[in-house]
Amino acid sequence: MLDIAPYLVTPGTEANLAARDTRSTEGFDGGKLEGKEALKPLNSTLAELQTRLWAESKQKLLIILQAMDTGGKDGTIRSVFEGVNPQGVRVWGFGAPNEWELAHDYLWRIHQRTPENGGIAIFNRSHYEDVLIVRVKGLVSEQRWRQRFDHIVEFERLLADEGTTVVKLFLHISKKEQKERLEARLREPDKRWKFNVADLEDRKLWEDFSVAYEEAISRTSSEHAPWYVVPADRKWYRDLAVASILIKALEKMNPTYPPEPDLEGVVVE
Ligand code: ADP
């Protein structure tokens, strides 16, 4: 387990993304090989906690994953949840809203996918796109996206008040790392399918996205739904940090198995 305190954005403070080291391996004595080994017991702990959450069926966990393109959202989900029973874990990706979704308020499609009792929902992108890409591309007026910070804080408070633990993770990569990952997608045949020419356009807007992330994270990290900024240039360290954050959150929820039924005298013929 890593000490996750450095990655918490304390509510009411600035995220200060530019000052955070995306290549950090703070608190871990070792490299990639050791890191991958160290993840295995964390996978098992997560699996055990998820079983308890599911068995208890009273609380729910929402994990929000945001990152710049190539930030590693998919890879994180794959490696951190390895060995976790897929039943009870749902992953939802949020792309550009369709016509029907656009005909509603921006939280409408989000709220429908929040987890049920005993469940874990992972949002691969989320309502944060509505203050990120929407802002950067000018899809609604500034007045409209700006008031969304308050909506979002209150929406997440509603979820928390009603029994959902909300954990928000920003996978923080550098611009240089993104270049390398995009180049790898071009170069390596098994990664080429992931290459999207539109990502190059978004890359040109790196600074604008950085400003948008900085403000979104700073304005919406709250006691009831904190943001963590995870150093994500090194995938193995990112996975350790994310697993540690999720274990901490689940330990705090402390799900317990329901009382055993009275099986005195029960015989299987
Ligand atoms: P990913 O890049 O996460 O693997 P996609 O390639 O399907 O997934 O990209 C989803 C796209 O949808 C992203 O470019 C994202 O910015 C966009 N998107 C998500 N939510 C919204 C939104 N509310 N408004 C506009 N675009 C959005």
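One-based numbering along the sequence shown. Whatever order the structure lists them in is the order used to number ligands and atoms, beginning at 1.
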(message) Is it the case that over 12 heavy atoms from other parts of the model lie below 6.0 angstrom from the NZ atom of K194?
(response) yes

(message) If the contact criterion is a heavy-atom separation under 4.0 Å, does K73 count as touching ligand 1?
(response) yes

(request) Quick one: list whatever passes ring-ring contact (aromatic ring centres under 6.0 Å, His included) with H224, sequence neighbours left out. (result) none

(request) Could you list which atoms of ligand 1 come closer than 4.0 Å to a heavy atom of R109? (result) 20 (N), 21 (C), 22 (C), 23 (N)

(message) For N98, I'd like to know if atom CG has over 12 heavy atoms of other residues, nucleotides or ligands within 6.0 Å.
(response) yes

(request) Give a yes/no verdict on a cation-pi contact between R148 and Y106, requiring under 6.0 Å between NZ or CZ and the six-membered ring centre and an angle within 45° of the axis. (result) yes

(request) Run the numbers for me: atoms of ligand 1, each under 4.0 Å from some heavy atom of D130, listed by number. (result) 23 (N)

(request) Assess whether atom CD of Q112 is packed by more than 12 heavy atoms of other residues, nucleotides or ligands within 6.0 Å. (result) yes

(message) Given R125, E129, K137, identify the one with the heavy atom nearest to atom 1 (P) of ligand 1.
(response) R125

(message) Quick check on contacts: which atoms of ligand 1 are under 4.0 angstrom from a heavy atom of V134?
(response) 24 (N)

(request) Look up atom CD1 in I63 and atom CZ in F123, then write down how far apart they are to the nearest 0.5 Å. (result) 10.5 Å

(request) Looking only at protein heavy atoms, identify the closest one to atom 17 (C) of ligand 1 and say how far it is in Å. (result) A96 N, 3.7 Å

(request) Return the residue, atom name and 0.1 Å-rounded distance of the protein heavy atom closest to atom 26 (N) of ligand 1. (result) I133 CG2, 3.5 Å

(message) Can you confirm whether some protein heavy atom lies under 4.0 Å from atom 7 (O) of ligand 1, or whether none does?
(response) no

(message) Can you report which non-hydrogen protein atom sits closest to atom 24 (N) of ligand 1, along with the distance?
(response) P97 CD, 3.3 Å

(request) Compute whether any side-chain donor of one residue and acceptor of the other, for R125 and Q66, lie under 3.5 angstrom apart. (result) no

